[in-house]
Amino acid sequence: MSDAEPQAPMSSLRLNVTLPCAARYLPLLTQLTARTVDYLGFHESLRDEVVQAIDASVHGVFEADDGSSYRDVEIELTTTDTDMLVRIRYLGAPASGAGLTTIEQLLSQPQGPNGDDAPMARLQRTMKAVVVGREFGDDSVDYCELTKALPADPDADL
């Protein structure tokens with residue numbers, strides 16, 4: 001089976017990777033995400049949309065080299081019978097005081113030529129569900145959970 005052929009969606013995939021928050025790892029994350037989404041059976045246009053959504057979820061995290069951002073990012077891609085779940089944990093969360101977490105602030109910053117398209121808005125348009133928050137413990141961790149319905153099985157109507 002070639003990569004270009006429509007594939008039945010995978011059910012029961014679990015992939016977990018942790019990368020340092022250094023700009024040189026961003027292309028690795030993007031390629032890993034694209035290949036994983038391909039194997040899940042998403043059509044090319046949906047694959048690009050999902051990859052861009054995951055890229056948006058790490059917006060700003062890999063750019064700051066001044067110690068004001070996160071130490072590592074952990075991404076877990078899991079499938080159920082109906083959905084792809086993406087849980088992104090931003091490790092070594094900087095203190096953000098009361099109010100928005102650091103990742104919520106980063107995802108709320110406008111982008112684009114007109115400065116009118118914040119990553120959070122793109123995530124909410126693309127994904128079925130988006131949840132952002134903070135885990136408290138010995139090491140504060142911010143997180144973003146994304147849910148996307150799996151594509152229909154192309155062989156189901158045969």
Side-chain angles (χ1 to χ4, degrees), residues 3-64 68-94 96 100-135 141-154:
D3 290 339
E5 291 179 34
Q7 301 176 37
M10 286 186 169
S11 59
S12 77
L13 171 73
R14 181 177 175 155
L15 175 67
N16 192 325
V17 64
T18 303
L19 298 169
C21 288
R24 69 187 185 128
Y25 293 102
L26 192 53
L28 174 65
L29 175 61
T30 301
Q31 285 190 3
L32 176 67
T33 302
R35 295 293 293 174
T36 303
V37 172
D38 271 342
Y39 280 106
L40 290 176
F42 284 92
H43 182 270
E44 185 177 343
S45 62
L46 278 176
R47 179 203 62 212
D48 292 345
E49 193 173 278
V50 171
V51 169
Q52 288 172 7
I54 294 172
D55 281 351
S57 69
V58 295
H59 167 72
V61 172
F62 286 84
E63 285 84 18
S68 66
S69 194
Y70 302 95
R71 179 184 65 246
D72 298 305
V73 67
E74 176 185 274
I75 298 185
E76 181 179 335
L77 291 135
T78 309
T79 57
T80 66
D81 289 337
T82 58
D83 294 320
M84 173 185 71
L85 310 170
V86 181
R87 180 167 171 83
I88 303 160
R89 298 177 73 231
Y90 310 89
L91 309 175
S96 62
L100 297 176
T101 64
T102 302
I103 194 59
E104 287 173 302
Q105 293 171 16
L106 287 170
L107 294 177
S108 298
Q109 293 176 359
Q111 289 185 317
N114 300 328
D116 58 354
D117 194 21
M120 181 60 86
R122 285 197 310 259
L123 290 173
Q124 291 169 334
R125 281 193 308 267
T126 304
M127 306 307 272
K128 180 172 144 181
V130 178
V131 178
V132 180
R134 175 168 275 196
E135 299 172 8
V141 174
D142 291 345
Y143 66 87
C144 179
E145 296 174 347
L146 309 171
T147 304
K148 179 81 171 174
L150 287 174
D153 184 345

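In what follows, residues are counted from 1 in the order of the sequence shown. Hydrogens, waters and symmetry mates are skipped; everything else that's a heavy atom, side chains included, is used.
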Contact check, side chains of L91 and T18, non-hydrogen atoms, under 4.5 Å: yes

R35 CZ to R47 CZ distance, which is reported to the nearest 0.5 Å: 9.0 Å

Distance, nearest 0.5 Å, that separates CD1 of I103 from CD1 of I88: 8.0 Å

Heavy-atom pair with the smallest gap, counting every atom of R14 and T78: CG-OG1, 4.1 Å

Residue pair I75 / V86, side-chain heavy-atom distance below 4.5 Å: yes

L29 and V58, any side-chain heavy atoms less than 4.5 Å apart: yes

Side-chain heavy-atom pair Y25, V73 within 4.5 angstrom cut-off: no

Residues D83, K148: salt bridge by 4.0 Å N-O rule: no

Among D48, L32, V50, the one residue meeting side-chain contact (heavy atoms from CB on, under 4.5 Å) with V37: V50

Minimal non-hydrogen separation, S57 against C144, with atom names: CB-SG, 4.4 Å

Any donor-acceptor pair under 3.5 Å from E76 side chain to L15 backbone: no

side-chain hydrogen bond (donor to acceptor under 3.5 Å, both in side chains) assessment of T101 paired with E104: CA-CA 5 Å; T101 64; E104 287 173 302; 3.1 Å; yes

L123 side chain reached by L146 side chain, heavy atoms, under 4.5 Å: yes

Worked check of side-chain hydrogen bond (donor to acceptor under 3.5 Å, both in side chains) between Q31 and T33: CA-CA 5 Å; Q31 285 190 3; T33 302; over 6 Å; no

Pair E49 + R122, salt bridge at N-O below 4.0 Å: no

Heavy-atom side-chain contact between D55 and T30 under 4.5 Å: yes

Separation of Q105 CD from L100 CG (nearest 0.5 Å): 5.5 Å

D142 versus T102, closest heavy-atom pair with distance: OD2-N, 3.5 Å

Test item: L19 and D72 side chains (from C-beta on) under 4.5 Å apart, heavy atoms: no

Within-4.5 Å side-chain heavy-atom neighbours: Y143 and V131: yes

Short side-chain to backbone donor-acceptor contact, Y90 and E74, under 3.5 Å: no

Under-4.0 Å salt bridge between R89 and E135: yes

Polar contact flag, side-chain donor to acceptor under 3.5 angstrom, T147-E145: no

